[in-house]
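The structure under discussion appears below in the form of structure tokens.
Convention: sequence-line order gives letters A, B, ...; per-chain numbering from 1. A quick note: this is a predicted structure, and the numbers were derived from the prediction, not measured.
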Number of protein chains: 2
Amino acid sequence: MGAQEDEETLAEAFWAVSRRLRHRSHESISPLGITPAQARAIGVLRRHGSMRISTLSEHLRIAPRSGTEVVDALQERALVQRSPDPDDRRAVLVTLSPQGEEVAEAVRRARAAEADLFFDRLDEADRTELARIISLLRRP
Amino acid sequence: MGAQEDEETLAEAFWAVSRRLRHRSHESISPLGITPAQARAIGVLRRHGSMRISTLSEHLRIAPRSGTEVVDALQERALVQRSPDPDDRRAVLVTLSPQGEEVAEAVRRARAAEADLFFDRLDEADRTELARIISLLRRP
DNA sequence: AAAGATAGTGAGGTTACCTCACTATGAGGC
DNA sequence: GCCTCATAGTGAGGTAACCTCACTATCTTT
């Protein structure tokens, strides 16, 4: 098996596994009544705190206009609040509401539980090795 | 660092890497003028040959109705042809056109080249190890 | 003050799915 | 052969998750 075939197979396998992880991750948050994109957004807010929509969009690597939309949806569910940025009147700050904090924590827990199940078939050594290799791939 | 934290970090890292791979994969086929979903479909047809729309949908793990749509789009681009299934008059067979064969091959090559670049930062040993671990995760 | 850049959002668009319903056809049982 | 149930594909309609362009208000730099 040549190097090129290895990599082609590796990419495809990686792709298949990541699609399964994504699907299971989506299912794990579905009972919480929010969508995957919304879950991503509140995850960012939970980890980094209140921020501008533009900053949130950068974190999420989506267009600012799309950031507006995900915040719209979260606000509609009373999971976030918008407030004027005191430093710049053009800008808006997005903050998790108390309910949003709870949902964000529930998302984190559901995701963690799902990851447990997903990676459970690997022993500790393989898990460590995978984490090491993945971190190599993660760097820009 | 506890086991739970390991896995949480691992899942997130895995997620981030797979999103990057997906994005780059999409970009690699963009010049070919087809969308990611269409590329997936012709990939299945290239690998497995002519098949019913229902079978294609199963391969793609999408609803049959969605299978109809992706075939519609491919047919519109003259990349596939529909023909009656001689074994069952309810059914339709989808076949790659000659042009579709060319595009399918171009997709394969573009994907392979992108995977080369993506995994290039790993040495041969790491690549082999990753393939081994991924194959463990791949099994249902 | 003027020019250029920035933040958010309205308007409109594409992609990639989904469910439900319907028609035509096939399979199995009587 | 007839009836019932299942199946294959697709019309109709819907949601989610992005995108670009354009616009107003505000900020920064010259």
ask   = What nucleotide, of dA16(C), dT9(C), dA16(D), holds the atom closest to the side chain of Thr35(A)?
value =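 Of the candidates, dA16(D) comes closest.
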request  = Respond yes when some side-chain nitrogen or oxygen of Arg40(B) is under 4.0 Å from OP1 or OP2 of dC17(C), and no when none is.
outcome  =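 Checking dC17(C) against Arg40(B), a side-chain N or O does come within under 4.0 Å of OP1 or OP2.
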task = Flag the pair Asp72(A) and Arg82(A) as a salt bridge only when some basic side-chain nitrogen lies within less than 4.0 angstrom of an acidic carboxylate oxygen.
result =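 Yes, Asp72(A) and Arg82(A) are salt-bridged.
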key: Closest non-hydrogen atom pair, Ile53(A) against Thr68(A)   =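 In terms of heavy atoms, the two residues are closest at CG2-N, 3.7 Å.
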ask   = What pair of heavy atoms forms the shortest contact from Leu60(B) to Arg40(B), and how long is it?
value =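 Closest approach of Leu60(B) to Arg40(B): O-NH2, 2.9 Å.
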Will you find, in the side chains of [X] and [Y], an N or O donor that is under 3.5 Å from an N or O acceptor?
| X | Y | result |
| --- | --- | --- |
| Ser28(B) | Arg111(B) | no |
| Thr55(B) | Glu58(B) | no |
| Ser30(A) | Glu27(A) | no |

Reported CZ-to-CZ distance for the pair Arg22(B) and Arg19(A), which is rounded to 0.5 angstrom =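 Interatomic distance, Arg22(B) CZ to Arg19(A) CZ, rounded to 0.5 Å: 10.0 Å.
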message = Strictly under 4.0 angstrom, non-hydrogen atoms only: write out the protein contact profile of nucleotides 19-30 of chain D, one letter per nucleotide from the 5' end, B, S or -.
response = BB----BBS---
Return the value, rounded to whole Å, for the distance between atom [atom1] of [X] and atom [atom2] of [N].
| X | N | atom1 | atom2 | answer |
| --- | --- | --- | --- | --- |
| Leu93(B) | dT10(D) | CG | P | 12 Å |
| Arg52(B) | dG26(C) | CZ | P | 10 Å |
| Leu60(A) | dA16(D) | CG | P | 17 Å |
| Leu56(B) | dT10(D) | CG | C1' | 15 Å |

query = If two hydrophobic side chains count as joined below 4.5 Å and joins carry through other members, does Leu32(B) share a cluster with Leu79(B)?
reply =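 Same hydrophobic cluster.
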ask   = Base, sugar-phosphate, or nothing for Ser54(B), non-hydrogen atoms under 4.0 angstrom?
value =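 Contact class for Ser54(B): sugar-phosphate only.
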request  = Describe the nucleic acid contact of Thr68(A) in one word from base, sugar-phosphate, nothing, applying a heavy-atom distance below 4.0 Å.
outcome  =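 Here Thr68(A) touches the bases of the nucleic acid.
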ask   = Should the ring pair Phe14(A) and Phe119(B) be called parallel, tilted or perpendicular, given that the plane angle runs from 0 to 90° and is split at 30 and 60?
value =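 Phe14(A) vs Phe119(B) ring planes: perpendicular.
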inquiry  = Heavy atoms within less than 4.0 Å of DNA chain C: which residues of residues 71-82 of chain B have one? Give them sorted by number.
reply    =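 Residues of residues 71-82 of chain B that come under 4.0 Å of DNA chain C do not exist, since none gets that close.
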